[in-house]
Number of protein chains: 4
Amino acid sequence: MKVIRGRMIGSHNGEAPVRRQDRSQPNGSFQSGYTARMSALQGFLPPLTPKGTSSLVPPMPWYYSGTLLTVEYRTDPANVRALLPEDIDLAPEDPGAVALIWADWQSCSEGGLELLDPVRSQYLEAFVVVRCSYQGTLYSRCVAIWVTTDFAIARGWFQGYPKKLGSIHVTRIFNHGKATPRLEAGAKLGASLSAYDHRLASAVVTLREPSDSNGFVNGHRMLHNRFMPSITQGAGLSFDQLVTMGSTDVDLGTPWRGDAELTLADSPWDELASILPVHEMIAGYYRELGATFAGGDLLVDRSQPV
Amino acid sequence: MKVIRGRMIGSHNGEAPVRRQDRSQPNGSFQSGYTARMSALQGFLPPLTPKGTSSLVPPMPWYYSGTLLTVEYRTDPANVRALLPEDIDLAPEDPGAVALIWADWQSCSEGGLELLDPVRSQYLEAFVVVRCSYQGTLYSRCVAIWVTTDFAIARGWFQGYPKKLGSIHVTRIFNHGKATPRLEAGAKLGASLSAYDHRLASAVVTLREPSDSNGFVNGHRMLHNRFMPSITQGAGLSFDQLVTMGSTDVDLGTPWRGDAELTLADSPWDELASILPVHEMIAGYYRELGATFAGGDLLVDRSQPV
Amino acid sequence: MKVIRGRMIGSHNGEAPVRRQDRSQPNGSFQSGYTARMSALQGFLPPLTPKGTSSLVPPMPWYYSGTLLTVEYRTDPANVRALLPEDIDLAPEDPGAVALIWADWQSCSEGGLELLDPVRSQYLEAFVVVRCSYQGTLYSRCVAIWVTTDFAIARGWFQGYPKKLGSIHVTRIFNHGKATPRLEAGAKLGASLSAYDHRLASAVVTLREPSDSNGFVNGHRMLHNRFMPSITQGAGLSFDQLVTMGSTDVDLGTPWRGDAELTLADSPWDELASILPVHEMIAGYYRELGATFAGGDLLVDRSQPV
Amino acid sequence: MKVIRGRMIGSHNGEAPVRRQDRSQPNGSFQSGYTARMSALQGFLPPLTPKGTSSLVPPMPWYYSGTLLTVEYRTDPANVRALLPEDIDLAPEDPGAVALIWADWQSCSEGGLELLDPVRSQYLEAFVVVRCSYQGTLYSRCVAIWVTTDFAIARGWFQGYPKKLGSIHVTRIFNHGKATPRLEAGAKLGASLSAYDHRLASAVVTLREPSDSNGFVNGHRMLHNRFMPSITQGAGLSFDQLVTMGSTDVDLGTPWRGDAELTLADSPWDELASILPVHEMIAGYYRELGATFAGGDLLVDRSQPV
């Protein structure tokens with residue numbers, strides 16, 4: 001099937017007409033120029049430079065070591081439905097299940113240079129996951145997420161996680177002293193999320209016993225939309241993809257299960273409490289883990305050359 | 001010219017084959033479903049919700065009020081050339097000119113709600129601009145930029161500014177007291193930029209006299225690349241556009257011109273000193289201003305459905 | 001009146017006995033050694049070094065330029081009384097009046113070096129002031145205050161302001177563009193205070209007209225307690241002074257008066273809403289100003305050599 | 001020995017004369033009033049309130065759990081001497097030894113409420129320790145320290161640690177995944193310290209083997225000065241004590257010893273590189289630990305009622 005591209009698609013306010021170019025075949029000076037640029041300017045994400053050192057995010061794979069504190073609860077399935085695109089369905093079983101997860105991460109790319117300047121390596125995130133169904137397959141889907149660093153925002157935008165900045169804290173488990181829970185029955189771990197100086201979520205998880213799982217809501221491959229509006233107001237989505245992805249090299253600690261308390265709030269800029277209110281608590285979980293992210297798969301591309 | 005799309009473009013690791021869909025015409029259930037989603041889920045940028053309140057950035061137009069402290073200098077034109085894609089040329093005159101600009105902004109969208117919760121409204125940015133030529137037209141181009149908030153990062157990624165987070169400070173001019181320069185000859189304004197806890201730039205501008213301009217490097221429409229790699233490792237750029245844009249409703253204060261001192265540094269994560277070293281100072285400038293951003297124009301779309 | 005000091009005041013857990021020394025007269029090696037130290041180690045506040053550059057705060061005078069957004073309201077006078085030491089009385093008139101003030105400061109010491117590295121110069125503070133009466137004189141008194149920098153905390157501890165860190169924002173008035181109120185009737189300015197990621201106060205002031213004053217609650221010399229507990233648990237206050245102070249060189253802009261809305265909240269770590277609840281709004285104010293702080297006066301010293 | 005106090009010590013600018021009061025015996029209305037206040041207003045440090053909840057720091061004991069990354073090196077003993085008061089001598093052996101220590105802490109007070117809202121519990125600190133001799137006893141002494149929270153600053157000022165705010169990071173050791181060193185030979189841990197957006201210290205420690213100790217510089221009781229200048233400019237130190245203290249309930253993990261690289265820098269506001277330059281590296285150490293702080297002992301009080 002031959003697709004004709006590199007076409008003119010109209011003029012914009014007197015600027016040069018837009019060219020839609022197919023980079024898969026040589027078709028003129030733009031194409032070759034651009035290809036040449038890509039070998040000359042380096043970087044996975046902006047900014048690009050001759051060496052690529054400045055790129056906000058280095059190339060995959062990306063490695064993660066850390067802990068997850070998970071609170072699972074049920075909301076009205078209609079609330080979950082309202083957050084899904086129309087071509088994505090609710091999960092067939094327990095469709096109102098939600099996971100709010102605090103992750104305390106250390107991360108790096110190949111070579112691990114970030115670990116030696118740990119301000120470039122460590123961050124926290126708090127994210128909200130639901131399950132959904134697309135073309136008969138069950139997926140997990142992140143519908144809200146806050147992180148503490150720019151490189152984490154950028155990785156998320158690449159992956160279709162709708163990342164914003166937040167202030168995030170979660171109790172750590174140390175092995176010595178009195179200012180820490182231990183990994184044992186009765187341990188209490190707190191967690192908080194704030195954005196734009198509004199507290200959005202506070203949780204306390206009391207561990208009860210080792211568990212078979214770390215919960216079930218965040219257990220599938222992710223189904224995410226990646227998109228970017230046209231630079232022209234009202235012209236549609238220049239970039240619009242449905243993608244799926246998962247982690248590899250998963251290295252898991254023993255999960256612990258327990259009780260959870262969770263308080264959610266809205267702010268003028270966030271709707272956590274109103275879009276996914278807590279109807280019934282399911283459980284809380286804690287687990288140490290490591291994982292690798294090395295990319296995913298495109299399901300649908302609906303990008304428009306606008 | 002008819003473009004056939006919605007085609008299968010191969011299978012990916014056993015996932016459902018990718019569909020390339022043309023949303024400009026009805027062609028089946030995906031299309032109509034997706035269109036419906038867009039009316040149901042609101043938001044200019046992620047995350048999308050039924051009301052759209054959570055979106056990291058509200059729709060254009062975006063309004064800005066603030067100040068600019070500008071340091072212009074010359075580097076070797078080869079350094080500027082090395083930061084440009086191959087299809088973009090150096091400016092024909094003074095091609096080694098660089099502007100490093102500190103902006104102290106208050107911003108909002110239609111209705112101005114952000115101004116009443118100013119943590120959502122205020123931010124600083126430090127950005128590096130060069131000039132370039134594309135198809136015979138002279139443009140300005142931002143090659144590095146740091147900001148202090150997530151909404152500013154997101155607006156920048158939409159506009160093709162290669163934004164990262166930084167810690168940014170610039171001396172303010174107050175009308176009262178002894179802890180401030182006044183807007184007069186001899187006034188000294190300092191500025192700093194740090195990222196990942198490394199100081200990247202420090203400047204002092206000494207104002208000398210009112211001026212006709214605020215410098216010449218950042219004076220043209222911007223020429224930016226917007227891009228996003230494929231979610232599949234090594235598969236190319238799913239999104240790849242060359243765009244241009246400018247401000248409207250520009251409301252300018254009187255610029256002041258003076259002398260400037262500038263110290264640049266590299267870090268393991270940034271290359272400011274090495275990619276654009278200072279060969280010769282041109283001048284420093286200070287100006288109050290307001291502007292509106294309401295979008296730009298697409299010049300070339302090289303996105304690949306990968 | 002001769003005071004005999006340098007006495008032994010008991011032994012502590014086998015350590016050398018404590019010496020209470022009078023530095024006003026030579027009385028042995030400690031005295032002279034210490035005096036010598038003070039000429040050798042420099043700095044107004046810790047840390048001391050041979051040059052004194054590292055001191056968290058340089059010597060007075062300290063200069064301030066900035067803006068004040070003030071919200072005045074009435075609470076139950078019993079709430080104010082409960083925050084005053086028993087030897088300090090309520091103000092005779094309008095004793096329940098409270099001012100919550102947001103200050104947006106640029107500050108420096110002699111020579112103004114801080115203004116050239118403005119991260120060392122700029123900060124915000126939100127503080128709560130009541131009036132009180134001591135030995136027949138009317139004073140203002142700060143009962144809670146949050147600031148954004150360490151040097152501001154240290155200056156406050158020196159002055160008896162009970163400073164903590166907070167995240168503080170207040171709308172600015174720029175002269176250009178659409179993302180700003182202007183200094184005119186109808187202008188709306190927002191302000192917020194958060195500490196430990198809990199929003200403690202949000203305000204909106206709508207300016208109505210130029211005014212004769214910037215409010216009346218923060219209009220007197222301050223009456224503050226400075227104290228430090230003994231290093232020995234339960235042993236009392238090693239340092240305990242009642243002091244008074246005020247600003248000099250006050251350089252005032254025209255105040256504006258208007259309406260104010262104010263929302264207060266408690267957190268597990270702060271009691272703003274519960275200790276000073278809003279019973280009746282008085283007014284909101286905005287003013288530019290400059291001032292100098294050059295010290296104050298000791299009223300009572302109750303320090304104990306423990 | 002009878003000390004006569006509560007005396008008049010002069011008038012100040014027309015204010016009421018200063019009273020020096022002895023709180024150890026009833027001597028009038030001030031005394032009883034003040035005593036009553038102390039039972040009515042609660043809090044270990046400011047601000048005081050009827051319930052005491054707002055106090056920046058709750059009463060001792062304070063509990064700590066965390067990790068220490070220590071870099072020990074030698075500087076010229078004259079540099080250490082120059083940082084000691086004249087009545088404090090160099091350590092008799094290895095007097096030029098310095099420890100720069102990064103601590104990653106979780107802390108709480110009795111009841112552990114802070115652990116459930118961990119933004120109130122967690123912080124990092126980087127501190128510089130030397131050894132010294134006072135009246136024949138060997139002590140450790142902190143000559144510079146940066147922390148990440150206000151409650152840590154306040155505890156430090158109470159203890160005589162010369163605390164300032166900094167941005168501090170140190171590599172963590174996780175048990176899973178590829179983005180972490182493991183506690184084993186060859187593990188590399190990085191650490192950084194920045195203040196006012198200037199990088200002051202960067203370190204990399206490579207662990208080699210379990211060790212008998214965590215270094216020797218920070219191994220003694222601390223000898224610190226606590227002081228506060230008079231509110232009156234130039235009048236001397238209102239509060240001036242020499243104190244000693246140590247930890248209790250020390251719960252130690254196995255220390256590891258290895259090699260260390262360390263880069264120090266000055267800024268306009270800090271003198272780390274110039275006051276304690278690295279002449280010879282000694283070693284690097286890593287250890288998990290817990291400890292309790294429950295107060296210390298006063299050695300000398302030189303406070304003046306000014």
Side-chain angles (χ1 to χ4, degrees), chain A residues 61-67 102 104-110 112-122 124 167-182 187-194 199 202-206 247 249-253 261 287-292, chain D residues 61-67 102 104-110 112-122 124 167-182 187-194 199 202-206 247 249-253 261 287-292:
Chain A
W62 304 325
Y63 304 115
Y64 300 79
S65 291
T67 65
W102 278 266
D104 189 358
W105 288 126
Q106 196 161 260
S107 71
C108 65
S109 59
E110 207 64 54
L113 188 61
E114 296 94 338
L115 298 179
L116 303 186
D117 194 12
V119 61
R120 176 70 174 177
S121 176
Q122 297 170 347
L124 291 105
S167 182
I168 298 163
H169 293 81
V170 60
T171 308
R172 288 167 60 181
I173 296 179
F174 289 93
N175 299 312
H176 297 271
K178 299 180 177 177
T180 179
R182 302 293 161 90
K188 287 182 180 293
L189 293 93
S192 68
L193 164 66
S194 177
R199 181 70 70 109
S202 301
V204 175
V205 170
T206 305
S247 296
D249 290 336
V250 179
D251 177 11
L252 299 172
E261 303 164 54
R287 171 179 250 173
E288 301 179 25
L289 81 166
T292 298
Chain D
W62 303 325
Y63 304 115
Y64 301 79
S65 291
T67 65
W102 278 265
D104 189 359
W105 289 125
Q106 196 161 259
S107 71
C108 64
S109 59
E110 207 65 52
L113 189 60
E114 297 93 336
L115 298 178
L116 303 187
D117 194 13
V119 62
R120 176 72 175 176
S121 176
Q122 297 170 346
L124 291 105
S167 181
I168 298 163
H169 293 81
V170 60
T171 308
R172 289 167 60 180
I173 296 179
F174 289 93
N175 299 312
H176 297 271
K178 299 180 177 177
T180 179
R182 302 293 160 91
K188 286 183 180 294
L189 293 93
S192 67
L193 163 66
S194 177
R199 180 71 69 111
S202 303
V204 175
V205 171
T206 305
S247 296
D249 290 337
V250 180
D251 176 12
L252 299 172
E261 304 164 53
R287 172 179 248 172
E288 301 179 25
L289 81 166
T292 297

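Keep in mind the model is a prediction, meaning the values are calculated, not measured. In what follows, chains are A, B, ... by sequence order, proteins preceding strands, each numbered from 1.
Looking at Arg199(D), the atoms closer than 4.5 Å to chain A (heavy atoms on both sides) all sit in the side chain, from C-beta outward. Only the side chain of Gln122(D) comes within less than 4.5 Å of a heavy atom of chain A; its backbone N, CA, C and O stay farther away. With a 4.5 angstrom heavy-atom cutoff, Asp249(D) touches chain A only via side-chain atoms. With a 4.5 angstrom heavy-atom cutoff, Leu289(D) touches chain A only via backbone atoms. If you measure heavy-atom distances from Ser121(D) to chain A, you find no contacts under 4.5 Å at all. Contact of Ser202(D) with chain A is not made at all, since no heavy-atom distance falls under 4.5 Å. For a residue to count as touching a neighbouring chain, one of its non-hydrogen atoms must lie under 4.5 Å from one of that chain's; by this rule Val170(D) touches chain A with the backbone only.
Listed options Ser107(A), Gly253(A), Cys108(A) were ranked by heavy-atom pairs under 4.5 angstrom with chain D; first place goes to Gly253(A). Interface remark: of the candidates Gly177(A), Ala179(A), Gly290(A), Gly190(A), Ala179(A) forms the most heavy-atom pairs closer than 4.5 Å to chain D. Contact count against chain A (heavy-atom pairs under 4.5 Å) is highest for Arg172(D) among Glu114(D), Arg172(D), Glu288(D). Ranking Thr292(D), Leu189(D), Leu252(D) against chain A, the residue ahead of the rest is Leu252(D), based on heavy-atom pairs under 4.5 Å. When each of Val205(A), Val250(A), Asp117(A) is checked for heavy-atom pairs under 4.5 Å with chain D, Asp117(A) comes out on top.
Within the model, atoms CD1 of Ile173(D) and CD of Gln106(A) stand 9.0 Å from one another, a figure rounded to the nearest 0.5 Å. Here OG of Ser192(D) is found 13.5 Å from CZ of Arg120(A). Values are rounded to the nearest 0.5 Å.
In this structure the side chain of Phe174(A) reaches within 4.5 angstrom of the side chain of Thr67(D), judged on heavy atoms.
Taking Ser167(D) as the reference, Asp197(B), His169(D), Ser194(D) meet the side chain to side chain contact (heavy atoms under 4.5 Å, CB included) condition, with sequence neighbours excluded.
Closest approach of Leu115(A) and Thr180(D) over heavy atoms only: CD1-N, 3.8 Å.
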key: Audit row: Leu116(A), Lys188(D), side chain to side chain contact (heavy atoms under 4.5 Å, CB included) steps and yes/no   = CA-CA 7 Å; Leu116(A) 303 186; Lys188(D) 286 183 180 294; 3.8 Å; yes
